[in-house]
Amino acid sequence: MISGLSDDNIRFLIEIIQKLMPQEAQAAGKAMTTDAKMQAFMRLDAARGEISQYLPEDFDAERELEEARFEQYGSID
């Protein structure tokens, strides 16, 4: 039944289930979500060295960000 539902209907179903769950079960679900987020962050942080090999030696992230902001929004002066 669930596999035949649209994405919006699945989201709605999940919201209904979350409202019916006791608070303890909701807290456990949130803890798992936080744990999954931390694991993803740790993998990204560990991959930082590998990713940096594809960037130029003189790459300046702050300068790139400033240039992109200026290109997108222009000067606010």
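Computation of the quantities below employed the complete heavy-atom set of this structure, encompassing side-chain atoms and omitting hydrogens, waters and symmetry-equivalent molecules. For the single chain, residues carry numbers from 1 onward in sequence order. What you see is a predicted model, and the numbers here were worked out from it, not measured in a lab.
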With Arg69, the salt bridge (charged side-chain N to carboxylate O under 4.0 Å, His left out) member among Glu67, Glu66, Glu71:
Glu66
Do Ile14 and Arg11 have side chains that get closer than 4.5 Å, going by heavy atoms?
no
Count the heavy atoms belonging to other residues, nucleotides or ligands that lie under 6.0 Å from CD of Gln53, then report whether that count exceeds 12.
yes
Checking one residue: Phe59. Which other hydrophobic residues are in its cluster under the side-chain 4.5 Å linking rule?
Leu55
Would you mind reporting whether Asp45 and Arg48 have side-chain heavy atoms less than 4.5 Å apart?
yes
Cluster overlap Ile17 with Ile10, hydrophobic side-chain contacts below 4.5 Å:
yes
